[in-house]
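Keep in mind that the numbers below use all heavy atoms, side chains included, and drop hydrogens, waters and symmetry copies. This structure is a prediction, so every number in the text was calculated from the model and none was measured.
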Amino acid sequence: MPGRHFAFGLLGLMLMTPDGPAVAQSLSKIEQQIVTRVDADIPAARALLERVVNINSGTMNFAGVRQVADVFRAELDALGFATRWEDGVAFKRAGHLVAERGTRGPIVVLIGHLDTVFELDSPFQWYEVLSDTAARGPGIIDMKGGDVVMIQALKALSASRILDRLTVRVVLMGDEESTGEPKSLARAALTQVAQGADFALGFEDADGSPQRIVVARRGTTYWTLQVKGTPAHSSQIFRDDIGPGAIYEAARILNAFRERMAGEQYLTFSPGLLLGGTAATLDVEPDRGSAVGKDNVVAGQAIATGDIRTISVEQREKAKATMRAIAAESLPHTSTEMTFEDGYPPMAPTEGNHRLLAFYDQVSRDLGFGPVTALDPSRAGAADVSFVAGSVPAIIDGIGLKGQDDHTVNETADLTTLPIQIKRAAVLLARLAK
């Protein structure tokens with residue numbers, strides 16, 4: 001079965017120039033047939049998009065997530081995929097749809113998600129046509145539109161019999177917008193399907209521009225700082241046997257983070273919650289807490305929470321080590337405890353990712369849609385594709401339907417990009433199948 005040596009060898013042959021994409025080529029006869037098929041199926045693509053957008057699939061609406069999965073499952077079944085539902089009871093979510101087809105050619109993982117941020121109590125529920133070129137609806141670009149791009153590209157490949165030359169694994173996640181816990185179980189289906197894969201394609205929107213896609217995403221890590229001081233009357237602060245108290249120590253640590261770490265490319269770190277006083281506690285519910293105190297006391301406790309965003313595992317671990325070291329430099333009569341919880345892993349801008357981007361760029365140019373460049377990772381949020389970054393040698397994301405204002409009640413799709421994105425994805429897969 002093909003592996004990462006196949007992926008690098010294939011991309012190396014396709015991209016022979018050292019400073020950019022390969023020399024432009026015209027579309028082959030079979031690629032022209034794919035383009036013609038995509039154009040003929042655009043009315044059906046729009047109908048499928050409207051159908052799934054009109055099904056509420058907020059992450060915690062398990063029945064709605066399953067209903068959207070059933071729609072896409074029928075489409076994949078018709079293309080000869082073996083489909084299965086991975087139930088999410090173990091991680092308190094609806095579950096995931098997995099589909100697999102073929103045993104020949106390169107192994108390609110296609111990644112999307114079924115859920116949206118709009119739950120059943122949201123006023124934003126329906127697909128609305130705004131014009132011939134625009135439509136609004138919950139999840140229309142994040143990312144039911146991307147799922148439709150994926151399905152329609154596979155249909156075009158099937159009609160040209162190119163699908164038989166690929167090993168395709170599709171994973172449509174049911175909890176991308178609010179990941180189940182533990183993540184090891186919530187992402188097990190995705191990481192298992194990605195084992196041994198040569199390429200992974202994510203069908204998120206990226207930043208709304210059809211000329212930019214994602215080759216790198218920053219990972220997220222959450223941190224909690226708990227500081228203890230010696231409580232006393234405020235008139236005794238800084239005494240040799242009392243010290244400055246917990247709030248001064250927390251302030252010292254947070255400011256030292258800024259002084260020593262700010263300015264490193266792609267690294268951000270931000271305290272989002274700070275509590276301090278005679279007593280301070282974090283509630284069971286995330287992002288909430290309480291503190292009590294008076295103007296005339298030396299604070300006995302302080303708590304701060306925040307996140308770190310990093311472009312690589314190495315950058316993440318370096319940031320953690322620096323923060324631990326700063327926290328350990330305690331002021332007199334204070335003590336600190338610093339804990340970290342990794343969220344989404346980073347997806348580093350690897351050589352393989354850049355090569356696949358160059359190949360996608362060439363496909364776009366050959367189709368007449370112009371160049372495609374990499375989105376600045378600082379503008380790319382977290383996505384499920386990052387969970388396969390450690391195992392798949394060539395990954396791109398952001399090749400789904402384009403638009404604007406995702407996660408808001410103005411989420412709008414640019415419908416002119418629907419045929420563009422389907423054609424790009426289909427021709428890309430066709431060329432990988434060679």
Side-chain angles (χ1 to χ4, degrees), residues 1-12 86 91 96 98 100 106-113 167-176 179-204 206 213-223 264-268 307-321 340-360 374-378 380-399 432:
M1 188 170 288
R4 61 183 58 212
H5 294 296
F6 178 92
F8 281 116
L10 179 63
L11 287 175
E86 296 281 351
F91 47 91
H96 315 307
V98 178
E100 300 184 65
I107 303 171
V108 185
V109 179
L110 310 182
I111 302 170
H113 67 83
T167 299
V168 180
R169 301 171 181 173
V170 174
V171 189
L172 299 181
M173 311 299 291
D175 64 342
E176 196 273 348
T179 311
E181 295 291 345
K183 287 184 177 63
S184 59
L185 293 179
R187 291 298 170 268
L190 175 59
T191 56
Q192 289 169 8
V193 165
Q195 290 180 3
D198 300 294
F199 306 102
L201 308 179
F203 287 79
E204 292 274 10
I213 63 171
V214 174
V215 297
R217 289 188 181 276
R218 295 190 298 168
T220 54
T221 295
Y222 304 99
W223 54 266
E264 182 176 334
Q265 187 178 29
Y266 300 135
L267 172 65
T268 58
D307 74 353
I308 313 168
R309 295 180 185 263
T310 54
I311 197 64
S312 66
V313 172
E314 292 76 16
Q315 188 179 50
R316 181 187 71 192
E317 295 308 308
K318 176 186 174 185
K320 286 183 184 179
F340 298 91
E341 179 184 354
D342 292 332
Y344 273 63
M347 174 179 140
T350 65
E351 179 185 1
N353 296 357
H354 279 287
R355 286 182 177 180
L356 188 54
L357 162 63
F359 189 37
Y360 185 82
L375 179 66
D376 184 337
S378 64
D384 281 330
V385 70
S386 294
F387 284 95
V388 307
S391 58
V392 182
I395 305 170
I396 57 174
D397 196 4
I399 65 172
L432 293 179

For [X] and [Y], which heavy atoms make the closest approach, and how far apart are they?
X: Val214; Y: Ala380; result: CG2-CB, 4.3 Å
X: Ala216; Y: Ala348; result: CB-C, 4.1 Å
X: Ile213; Y: Gly398; result: CG2-O, 3.6 Å
X: Ala197; Y: Val109; result: CB-CG2, 3.6 Å
X: Gln315; Y: Gln265; result: NE2-O, 2.8 Å
X: Gly180; Y: Asp175; result: N-OD2, 2.8 Å

Could you state the interatomic distance from [atom1] ([X]) to [atom2] ([Y]), rounded to the nearest 0.5 Å?
X: Ser386; Y: Ile111; atom1: OG; atom2: CD1; value: 9.0 Å
X: Arg187; Y: Phe91; atom1: CZ; atom2: CZ; value: 7.5 Å
X: Thr350; Y: Asn353; atom1: OG1; atom2: CG; value: 3.0 Å
X: Arg355; Y: Ile396; atom1: CZ; atom2: CD1; value: 15.0 Å
X: Lys183; Y: Thr191; atom1: NZ; atom2: OG1; value: 14.0 Å

Do Leu172 and Phe203 pass the side chain to side chain contact (heavy atoms under 4.5 Å, CB included) test, and can you show the C-alpha distance, the side-chain angles, and the key distance before you say yes or no? CA-CA 10 Å; Leu172 299 181; Phe203 287 79; over 6 Å; no
What residues form a side chain to side chain contact (heavy atoms under 4.5 Å, CB included) with [X], not counting sequence neighbours?
X: Ala383; value: Glu176, Glu204, Arg217, Val385, Asp397
X: Phe340; value: Thr221, Trp223, Ile308, Lys320, Met323, Arg324, Met338
X: Ala382; value: Tyr344
X: Glu314; value: Ser312

Measuring only between side-chain heavy atoms, which start at C-beta, is [X] closer than 4.5 Å to [Y]?
X: Phe199; Y: Leu432; result: yes
X: Pro349; Y: Ile311; result: yes
X: Val98; Y: Val193; result: yes
X: Val171; Y: Leu110; result: no
X: Pro346; Y: Val313; result: yes
X: Asp198; Y: Val108; result: no
X: Met347; Y: Ile395; result: yes
X: Val215; Y: Tyr360; result: no

Could you check Leu267 against Arg309 for side chain to side chain contact (heavy atoms under 4.5 Å, CB included), going step by step and ending with a plain yes or no? CA-CA 6 Å; Leu267 172 65; Arg309 295 180 185 263; over 6 Å; no
For [Y], is there any backbone N or O sitting under 3.5 Å from a side-chain donor or acceptor partner on [X]?
X: Asp384; Y: Met173; value: no
X: Asp307; Y: Tyr222; value: no
X: His96; Y: Gly174; value: yes

What pairs with Arg218 under salt bridge (Lys or Arg N to Asp or Glu O under 4.0 Å), at least two apart in sequence or on another chain?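 Checked Arg218 against salt bridge (Lys or Arg N to Asp or Glu O under 4.0 Å); zero matches.
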Salt bridge (Lys or Arg N to Asp or Glu O under 4.0 Å) partners of Glu264, counting only residues at least two apart: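 So Glu264 forms a salt bridge (Lys or Arg N to Asp or Glu O under 4.0 Å) with Lys318.
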Quick check on the 6.0 Å ring-centre criterion: do His354 and Phe359 meet it?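 When the ring centroids of His354 and Phe359 are compared, they turn out to be at least 6.0 Å apart.
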Between Arg316 and Asp342 (salt bridge meaning N to carboxylate O under 4.0 Å), is one present in this structure? yes
